[in-house]
Chemist: 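Take this structure, written in structure tokens, and hold onto it; I'll ask about it next.
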Amino acid sequence: MKLYEYEGKRLFENYGIPIAKGWLWQQLSEEARYPLMAKSQVLTGGRGKAGAIVEVTDRSKVVLIAQDLLKKTIRGHKVSHVYLEEKIDYDRELYLSIILDRNKKRPVLLASGKGGIDIEAVSRQDILTIPIHPLMGLQAYMKRKVSYFLQVEFRKIDEIIDHMWQLFSDEQAELIEINPLFVQSNGEMVAGDAKVIIDGHTKPSANIDYLPRQKGSFEEKCSDIGAVGVELDGNIAVITSGAGLGMATFDLVCSKRGTVRALVDLGGHVIHDVNAAEELIKEVRRLSPKGILFNFYFQVASCKVTATAIANILGGDSLPVVVRLRGIDQEESENLLSVFPNIETTHDLEKACERINFKLEGPGIAHHR
Amino acid sequence: MKLYEYEGKRLFENYGIPIAKGWLWQQLSEEARYPLMAKSQVLTGGRGKAGAIVEVTDRSKVVLIAQDLLKKTIRGHKVSHVYLEEKIDYDRELYLSIILDRNKKRPVLLASGKGGIDIEAVSRQDILTIPIHPLMGLQAYMKRKVSYFLQVEFRKIDEIIDHMWQLFSDEQAELIEINPLFVQSNGEMVAGDAKVIIDGHTKPSANIDYLPRQKGSFEEKCSDIGAVGVELDGNIAVITSGAGLGMATFDLVCSKRGTVRALVDLGGHVIHDVNAAEELIKEVRRLSPKGILFNFYFQVASCKVTATAIANILGGDSLPVVVRLRGIDQEESENLLSVFPNIETTHDLEKACERINFKLEGPGIAHHR
Amino acid sequence: MPIIVKEESKVIIQGITGNVGRAFANRMIQYNTPLVAGVTPGKGGQYIQSIPVYNSVEEAVVLAHADTSFISIPPKFVKQAVLEAIDAGIKVIVIYSEGVPIHDSMEMVHYAKAHQVLLFGPNSAGVVSPGKANVSDIHDTILKQGKVGVVSRSGTLTYEVIEMINKMGLGVSTVVCLGGDPVIGVQHADILQRFEKDPETDTVIYIGEIGGNDEMLSAEIIKQMTKPVFAYIAGMYAPEGKRMGHAGAIIRNSSETAAQKQQILKEAGAVVLDVLVDFPRSYSDKAVINK
Amino acid sequence: MPIIVKEESKVIIQGITGNVGRAFANRMIQYNTPLVAGVTPGKGGQYIQSIPVYNSVEEAVVLAHADTSFISIPPKFVKQAVLEAIDAGIKVIVIYSEGVPIHDSMEMVHYAKAHQVLLFGPNSAGVVSPGKANVSDIHDTILKQGKVGVVSRSGTLTYEVIEMINKMGLGVSTVVCLGGDPVIGVQHADILQRFEKDPETDTVIYIGEIGGNDEMLSAEIIKQMTKPVFAYIAGMYAPEGKRMGHAGAIIRNSSETAAQKQQILKEAGAVVLDVLVDFPRSYSDKAVINK
């Protein structure tokens, strides 16, 4: 789960990572010392370039600027809140992060003297990379290496990295990024930004104030039901009983020149729960696909659950539906679906992909709509 | 470093392991509820059998019992203090310990339903042994195993083992033993005794009240100087430049029917410090050995330091001294010693052992004095 | 000789008294997988059919000589179950549970490696050598013994492969599902080495996915293999950015797209399939060439 | 071919700017041990004679291709130094420092093992193959090349052995000091296996001590060895209880006395020496028998 900067800063506060004084717009304190930086809260990067961070020189300008920022959409993300922070004077901008490297199967501590810009734009030799063994955790020698590399006092960086590690471990983070980490003229350090991603499978341990999430997107609705959904801009909604099977079906549909409106992995819970399956199908329908391709192959669950949901929501509809199903209670499930003229069933994956394309495109060579 | 029960109980208190209310005799509270158990504080086991733990039924008897206990010597250890604890009623006596197993190179959690007696007298199948991986630490499944094995509620034993582990790790213990661990009729548990050994190389982390150590013994005085000394009851004091060399010299002396009064390993510090070396030799003299055998072989240090100390303290004395020395500045050091009639030098280990025996026994077959 | 589970394996199910665990136990018993015990702390003393349930894995190892464990318990308890199994001496572990915290996975994976334990998953559909032992969710009725070894991250995609193989009149030697989580134990490369040495395997089907650097490791092994490897990387048509993780982006490993993975495997000597259903044709082409 | 350190080793000293470190550096330079760098955090950029000092082991590995480290720093910093060396890719580590906390030793030993690093010590006098590389405190001037391999817990006792070997007109192939601490990394058994395979070693001197169960592990190896092993266990005449640790007592390992260790080794086929100085006679007896 990605956190808003505001939430990340609250975690930093909890764990003792120094931050500037800051308030959500509605909670702005009388004691705030101007200038402030008004920062749009969105779950994406590149806010600076997008003009989503604006300096507020005095109190009179706060409302106008905040209202203006709240109208913005950045990389497709609507600005949900405005966070105001006292502006920090600084000599240097550094970069510090701990990320979970899936290939190395361990956390990695990254440091760079080139803070304040996208880390992907920094050349490799300007980034110090220190893998951390999961069974040993952060070690003092690693912090010492960072202090030499960044040419900052060990005492100053030592605590910040310790607290980052504490946060990373206790909150089961996948990423903590401080970019920039401001170094002030007196050597003090302040986290300019806070990018935090938490493992969605665990409960956060710190008790902080979370901003409400907009539950509007298709992805989020699927996630609430217990499935994994991806929205795309083609025609066919593809619903399968697994991530790998989903990607393979997706590839096959595309290789036959079909286009995909949505790809949904039912997930381990939905395949046993007819209500959840019905909810999910309704969500898919709201995307107005031109057709739906189901592909499920069960070794443990019964096909009847998903088939029943399909029959209840899509049976007798005008929307073309192809269901490829295999596994337990296969025949019974087919019988359940075969009564509806808009639903076609098959056992064969390739045929299913061809049939759904055919239903949308008609025979002959497919063309892009 | 072995801790007194009183000290161990203070650690238990600090780490949340339940104990009975208790006071050193001089600090006994008015509020103490009788009967009390008066417990001799000595750094050895077997106090119960030795009559060193006595029940005090009422206030009038405290002084007499305490004074009586303070006169005792248990397994050669003089009782230093008396600790009084409120007596605990119990249904069962359990055994719990965490020890550092040098062969397995890891801590081991031991549990037994047969508490209250020496664990060495308990048969193997009545002891649960759980090795703990040093990089992973104590795990929940281990505590669950203990709870099944001892047939006690998980909730009760869970916390105690957690706290024992915390103490073991934070204080760098080599042993924590709770024997007996009382189980009361309501299921509550109370540590009846506290045996704790701390790694002498580390500073304790908890701030507890330590009892003064009697610095009387030869072992302790050597340790204060930075050497390792063992007192025995033979004739020859053997002083060497290493533990392994010491044991080998000891074996050789004994194999030639000599007997040893003391075995001293100079240690890494003393070989560089003439004052320390002189102090150490004086301590050895206080044991009144019939002769002293030095054996040192240096690869890095100079022989002169030790030779100077020998000359200063033992030169011209009537005590027979044989010095086998090899290594840096060997000749110069020999010259330094050769002026004294009571000191004989050699390069050869075997000859050195023979010479010191000869000096004590005279020629011919040695006999036990 | 099957390569991970065998007729002489002594299998336990950790979580045998749960719904999933019980279903697997019943199936294993019915189809002769050598299930020797189940473990559910606090439920020791019960039986599932004739199979004893113990409180600890150690009991199962001492009393029933268990060496292989299938774990199906709630995700937050998985780490404890795995550490317990490793400490008790279990040598093959399948984590069937999904939703295991990724920090737990990191620890388990490193701990297993340090103890030379084969850890499959989390979120693995398991391992099966038909006719010998089935420690997977793949139903025994769709499995036919043969010479094709299958190694895949995805379980569901594996069923598809097995169906394809069956239709071709072939069968499988061993099917290995590595698990779909971002951090997993055993990887493709480990299994490829075993397939190469396994006399019961003559052909390998390799199912990968976009993301991660598995294929760089696999390619090193494939280069040294004599047996043909047919490789499909799922996500060939996946739009970029939609599934790409942040971590990969920062690490800037440019080899994580399907196209680049295909390239790496092709150069190592694998037969690369654009879509899975191309396998039958590729297989007969290869057979023709080899004649 | 020497078995742990060689002419091609790239040795560093962690703590090179300390008194001991500097003394070792000077000796290594004088007697041609392949010292490539030193590491002292915060002192990077200095030189000891011509040898560069770096701030981190990683620099020494990247810039000077270091693979072997001799550590002489205050005991409370040793754990960090060892972890840093292992993480940087160093494969042979000698911990010369004494007084390392035993909890630190446990962690280091397990971490080294998981990374296939040979860790000697703590409190090890080091490893030397005369004429090739000397990563020990044994002075080069007393070392003569030959065919006797020596493995010992004690450093000081090793000097004695070398003197004895010299007097006999023999020399040593490799001398390994394992360290006197209760918890150490490499054990006798590991080195015996290497001596058996080493063509430059034809005879082994084994120095053990009372306490611990090393000899039970060693015996298993000695049984399979073709080369003669002469074993001395220091502490034959040690009075019981004086040095016996509490841990051993509770673990109730009855094989920790010198007499019982001698028995175990004798049964495995070693020639057991009651006192060290018996070696020359035992050696010629053995030679006579073998004729």
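Atoms considered below: every heavy atom in the structure, side chains included; atoms not considered: hydrogens, waters and symmetry mates. Since this is a predicted model, take the numbers as computed values, not measurements.
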Chemist: With a 4.5 angstrom heavy-atom cut-off, which part of C:E98 approaches chain A: side chain, backbone, both or neither?
Modeler: side chain
Chemist: Hey, does the side chain of A:D199 reach the backbone of C:I102 with a donor-acceptor pair shorter than 3.5 angstrom?
Modeler: yes
Chemist: Using a strict threshold of under 4.0 Å (side-chain N to carboxylate O), is an ion pair present between C:E209 and A:R102?
Modeler: no
Chemist: Write down the atom of C:Y237, the atom of A:F250, and the distance for their closest heavy-atom approach.
Modeler: O-CE2, 3.1 Å
Chemist: Supply the atom-to-atom distance C:E160 CD to A:T249 OG1, rounded to the nearest 0.5 angstrom.
Modeler: 7.0 Å
Chemist: Does A:Q299 reach the side chain of C:Y159, with side-chain heavy atoms less than 4.5 Å apart?
Modeler: yes
Chemist: Could you tell me whether the side chain of C:K167 reaches within less than 4.5 Å of the side chain of A:D348, counting heavy atoms only?
Modeler: yes
Chemist: Pick one of side chain, backbone, both or neither for C:K76, based on which atoms fall under 4.5 Å of a heavy atom in chain A.
Modeler: neither
Chemist: Closest approach of A:L100 and C:V183, non-hydrogen atoms and distance?
Modeler: CD2-CG2, 4.1 Å
Chemist: With only heavy atoms counted, which part of A:S169 is less than 4.5 Å from chain C, the side chain, the backbone, both or neither?
Modeler: backbone
Chemist: Do the side chain of C:H103 and the main chain of A:A173 share a donor and acceptor less than 3.5 angstrom apart?
Modeler: yes
Chemist: Counting heavy-atom pairs closer than 4.5 Å to chain A, which one of C:T158, C:L276, C:V20, C:I142 comes out on top?
Modeler: C:I142
Chemist: Please report the shortest heavy-atom distance between C:S154 and A:L245, naming the atom on each side.
Modeler: OG-N, 3.9 Å
Chemist: Count the heavy-atom pairs under 4.5 Å between each of A:S241, A:G244, A:P107 and chain C, then report the option with the highest count.
Modeler: A:G244
Chemist: Under 3.5 Å, side chain of A:K105 to main-chain N/O of C:S105, donor-acceptor pair present?
Modeler: no
Chemist: Please classify the contact of C:F24 with chain A as side chain, backbone, both or neither, using a heavy-atom distance under 4.5 Å.
Modeler: side chain
Chemist: Answer with side chain, backbone, both or neither: which region of A:L252 has an atom nearer than 4.5 Å to a non-hydrogen atom of chain C?
Modeler: both
Chemist: Look at atom CG of C:N19 and say whether more than 12 heavy atoms of other residues, nucleotides or ligands are closer to it than 6.0 Å.
Modeler: no
Chemist: Check each atom of C:P75 against the heavy atoms of chain A and say whether the ones under 4.5 Å are side chain, backbone, both or neither.
Modeler: neither
Chemist: Is any side-chain heavy atom of C:Y96 closer than 4.5 Å to one of A:V300?
Modeler: yes
Chemist: Rounded at 0.5 Å granularity, tell me how far CG in C:D274 sits from SG in A:C254.
Modeler: 12.0 Å
Chemist: For A:N103 and C:G212, which heavy atoms make the closest approach, and how far apart are they?
Modeler: OD1-CA, 3.0 Å
Chemist: What part of C:I233 gets closer than 4.5 Å to chain A, counting heavy atoms only: side chain, backbone, both or neither?
Modeler: backbone
Chemist: Is the shortest side-chain heavy-atom distance between A:M247 and C:I210 below 4.5 Å?
Modeler: yes
Chemist: Please classify the contact of C:V100 with chain A as side chain, backbone, both or neither, using a heavy-atom distance under 4.5 Å.
Modeler: backbone
Chemist: Got C:T156 and A:D265 here, is their nearest side-chain heavy-atom distance under 4.5 Å?
Modeler: no
Chemist: What part of A:D251 lies closer than 4.5 angstrom to a heavy atom of chain C: side chain, backbone, both or neither?
Modeler: both
Chemist: Relative to chain C, which segment of A:H347 carries a heavy atom at a distance below 4.5 Å: side chain, backbone, both, or neither?
Modeler: backbone
Chemist: Please rank C:R27, C:H110, C:H139 by heavy-atom pairs under 4.5 Å with chain A and give me the top one.
Modeler: C:H110
Chemist: Which heavy atom in A:A248 sits nearest to a heavy atom in C:A234, and how many Å separate them?
Modeler: N-CB, 4.4 Å
Chemist: Below 4.5 Å from any heavy atom of chain C, which atoms of A:F168 appear? Answer side chain, backbone, both or neither.
Modeler: both
Chemist: Identify which of C:D181, C:I207, C:V277 forms the greatest number of heavy-atom pairs closer than 4.5 Å to chain A.
Modeler: C:V277
